[in-house]
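Only one structure is covered here, and it is reproduced in the block below.
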Amino acid sequence: MSVVPETTQTEVIFPKIKPPLHQNQAVIEASRCLFCHDAPCIQACPTSIDIPMFIRQIMTHNTAGAAKTIFTQNIMGRACAYVCPTEVLCEGACVYNDLNEKPIDIGRLQGFATDAAIANNWQFFEANDQTETPLNKKVAIIGGGPSGLACAHELTRLGVKAVVFEASEHAGGLNTYGVAPYKYGNNDSIAEVAYLQQIGFEIQTHTRVISQDSPQDKSFSGKTISIEALDAEYDAIFIGAGLGKSKRLGLPGEHFQNIHGAAEFIYTVRKLGPANVSIGQKVLVIGAGNTAIDASVQSAKLGAEVMLVYRRTQQDQSAYYFEVELARLNGVQFKYQASPVEVLGTSEGLVSGVRFVKNQLGAPDSLGKQSMEPVAGSEFDLPCDTVIFATGQEKLVEFYRNIAHLELENGKIKVNDCYQTHNPKYFAGGDCVNGGKEVVNAVAHGRDAARGIAQYLKSSISARTVSHV
Amino acid sequence: MSKSVSSKNQASQSLQTNFAGIEAPNPFWLASAPPTNTGYQVANAFRAGWGGAVWKTLGRPIVNVSSRYSAVSYKNNRMMGLNNIELITDRPLDVNLAEMKAVKAEFPHHALIASLMFETEAEWHDCIRRCEDIGVDGFELNFGCPHGMCERGMGSAVGQNPDVAEKITGWAKAVATKPVIVKLTPNITDIRVAGLAAQRGGADAVSLINTINSVTGINLDTWEPNPSVNGYSTHGGYCGPAVKPIALNMVAELAKDPAFKIPISGIGGIETWQDAAEFFLMGASSVQVCTAVMHYGFRIVEEMISGLESYLDQHQLSHYSALTGQAVQRFTQWQNLDLNHKVIAHINPETCIGCQVCYSACEDGAHQSIALLANSRVPQIKEESCVGCNLCSLVCPVDDCITMVPIERGLEKVTWLDHPANPHRKVMV
Ligand SMILES: Cc1cc2nc3c(=O)[nH]c(=O)nc-3n(C[C@H](O)[C@H](O)[C@H](O)COP(=O)(O)OP(=O)(O)OC[C@H]3O[C@@H](n4cnc5c(N)ncnc54)[C@H](O)[C@@H]3O)c2cc1C
Ligand SMILES: Cc1cc2nc3c(=O)[nH]c(=O)nc-3n(C[C@H](O)[C@H](O)[C@H](O)COP(=O)(O)O)c2cc1C
Ligand code: SF4
């Protein structure tokens, strides 16, 4: 089954939190930009978009020029416009913050220019436009997420043939199946992929890369191709496979029904559409990262009463303050310093609640972070009919094991500054390298990895000392 | 409509005006232009608080084009400058005179001025008499309109020819019993020539500026200049905030000329009480407004009145006329400026927001006197090479962050006239 196209119902349940700007609004907002020298916003952007320049182009009604400026640095500048945590990136760096004025609305301005580019299919780049002599080489890309797509696009410009293998029905990675639909919708992501692909790289969707030796996954209905076959056929391989399933905590009672991993729950919402997802009336979300917030807000927008429980304090939660604010605005309740010890269920096998123990602050560890110590006898139960675990995602360690000489650290693939792994033929980027950051980081990795691959294919680099990115 | 003039609009004594013998409750007058097209508008303007109005110029019957205006917008500010190609009044003289009479009857203490533009002496005389019959307080001779009318030998065609201007002023003065103001065109090289010609012709006062020859822009899709009249255009007259600096200079040029002795009504880009105060300081004793009213309506005069009154209070001045000409004595020739005076830019690190716009400005557009430091966004002034041009402080978006600090060098004032580098300096005996 393919992702359902957005219906008006989706828009009603998940209205966009960054609605598009009209031409006039965009020009007025653009005219506020001071055109800083060596602008802090550029420095704060992981892809170093020339923000003051594209804003100036919007101001002069040169919308196509603005879009080109953006895409030159970040080919997924449209997704980034809407999904980036701009409050802590470009907009967070805007000097207006120091003047106690509203920073420039960079994200929406970027959305304004890139929306126009995609709607009008303005193509700014073409195959081989970054090279004198196209290389007669082929690169396989595992994963059609932001890192893989950025890599494929840049490789095509560099004169290298790229083929993307994507397990899901649609490419886009978490832009299509993960980020909150009130930021970026299915149609948005699918149109963006189609726009990018016109440069002329291939995407084989519904095709999973597996190892010859790995057991067959009966639930997967698409094609498979082995990593060994890719290795034999391609001159280099880029791994942009992202992360794996949501982690479970291994608590008693996790077998009850209506217990979901956050990533899988969100995947289902994206895939089926909100109207086709039934959520309970009382949802407990365990964890306090941005994914926990996304799962909470989506549950709340679907009509559930939501409580998010985190084992540490409010100060420790990794979710951005503006994401927490969004959750509060949607009526999500927060409970801190409580760890789940057992999931409770009914005789019919349905989840009915979670037992928690309260935590108190203990001695600081070597990094100065205070430990959490359970308070004996403080157990309490919270009733619910749905539990969502948002306690991180697994790394695809099993898969990586089948690739010779890959070096991992905490499950993350180690790469050098060209995004080359310990196996010189393999490059990697995105969540599988940084352990899970933002779309914009994945795009930067993919783009720069493509440059590394092109160098490698010209034999100008071999194995290098592997260091962390 | 029938509401009587509310007390909030009654300016206090401090603004009571006598301009060349014309009395008005305050010096804020409407310039001859669309806001004074009709009796309906002028009556509303007086109710809103305007002290006087120069009626839309009367003259021979004309026909107007459509469209008529175009404008320059700067960033998100609309109508920084306005351009028009409309002519004088397009309503019959009888209708205008009847409405002027009615307004004057309803507002006997407000200044009602008739603006006139004719060709022959007989026409000028006839209209001046008819205006006096209905009780106007004065006349303004339109020697300024720079489009259309000048092709027919009127408007700026008169203002640009001092002999003709002097002669026609004489015609008007020969029959007028009320004060005659001559409205000057800025489309000349030396405003003093025009002002002195009006004075020689017997004018009681001058007003300036009328609009400036201009083209605001070209439609980049059709290549028609703006505003387009069925595909064609012609130069128009420019006004609004953009022209204020030009007007202010021209007013002051006249005010500082010792030969020029009659009062000045300042016009050009006036929108706020500050603008008006600046014109007073540069020599005006009343002001006229057009574009700001075309943009925001009559209500802005409330702010102008209250702002000027509190400014006078703060400066313990009992009457606005105390401002007139005060800045003129400080408006001198370049050759009289002190070449030993030195200021240097200073950046307040506490309020600096690190935009480094000053760096780009000085590095590329001035004297390479701002340095960037490795560990800070706050730029540093290179005091040895800063020439004190002001540019950095002008581009800085933070109020009072970059200030220009005088350097005490213990040197006496020296001007170009006696500077050693001046080959023509007067040799001391
Ligand atoms: C719930 C959630 C919300 C998020 N919200 C935001 C947000 O608002 N803003 C933001 O900037 N970031 C957000 N992120 C993070 C962001 O989505 C990721 O950092 C980014 O998508 C990483 O890109 P990637 O290309 O590395 O991996 P992914 O986007 O995960 O793409 C990997 C792709 O590889 C495919 N794949 C994996 N294994 C195989 C295989 N063996 N064979 C073939 N294909 C395979 C997958 O199907 C997937 O399409 C969110 C993440 C999550 C989980
Ligand atoms: C549309 C328009 C029509 C005008 N018509 C006349 C006119 O008939 N007679 C006249 O003396 N000045 C006329 N002017 C000039 C104004 O009176 C005034 O001198 C000029 O606009 C500068 O003032 P401002 O900057 O406040 O607009 C006109 C100006 C505009 C914008
Ligand atoms: S005053 Fe002029 S020369 Fe001096 S630092 Fe500023 S911009 Fe440069």
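Chain letters run A, B, ... following the sequence lines, proteins first, then strands; residues in each count from 1. Everything numeric here is computed off the predicted structure, so don't read it as measured data.
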Is [X] atom [atom1] crowded by more than 12 heavy atoms from other residues, nucleotides or ligands, each under 6.0 Å away?
{"X": "B/R409", "atom1": "CZ", "answer": "yes"}
{"X": "A/H22", "atom1": "NE2", "answer": "no"}
{"X": "B/N230", "atom1": "CG", "answer": "no"}
{"X": "B/D400", "atom1": "CG", "answer": "no"}
{"X": "B/Y74", "atom1": "OH", "answer": "no"}

For residues B/R377 and A/H37, report the shortest heavy-atom separation together with the two atoms involved.
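Smallest heavy-atom distance, with atoms named: NH2-O, 3.0 Å.
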Write down the atom of A/P40, the atom of B/G354, and the distance for their closest heavy-atom approach.
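Heavy-atom minimum between the residues: CG-O, 4.5 Å.
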Side chain, backbone, both or neither: which part of A/Q43 has a non-hydrogen atom closer than 4.5 Å to chain B?
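Answer is side chain: those atoms of A/Q43 sit under 4.5 Å from chain B.
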Member of A/N97, A/L34, A/N100 meeting the side chain to side chain contact (heavy atoms under 4.5 Å, CB included) criterion with B/I353
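Of the listed options, the one satisfying the test is A/L34.
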Using a 4.5 angstrom heavy-atom cutoff, name the option from A/L99, A/D98, A/V95 with the most pairs to chain B.
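Between A/L99, A/D98, A/V95, the count favours A/V95.
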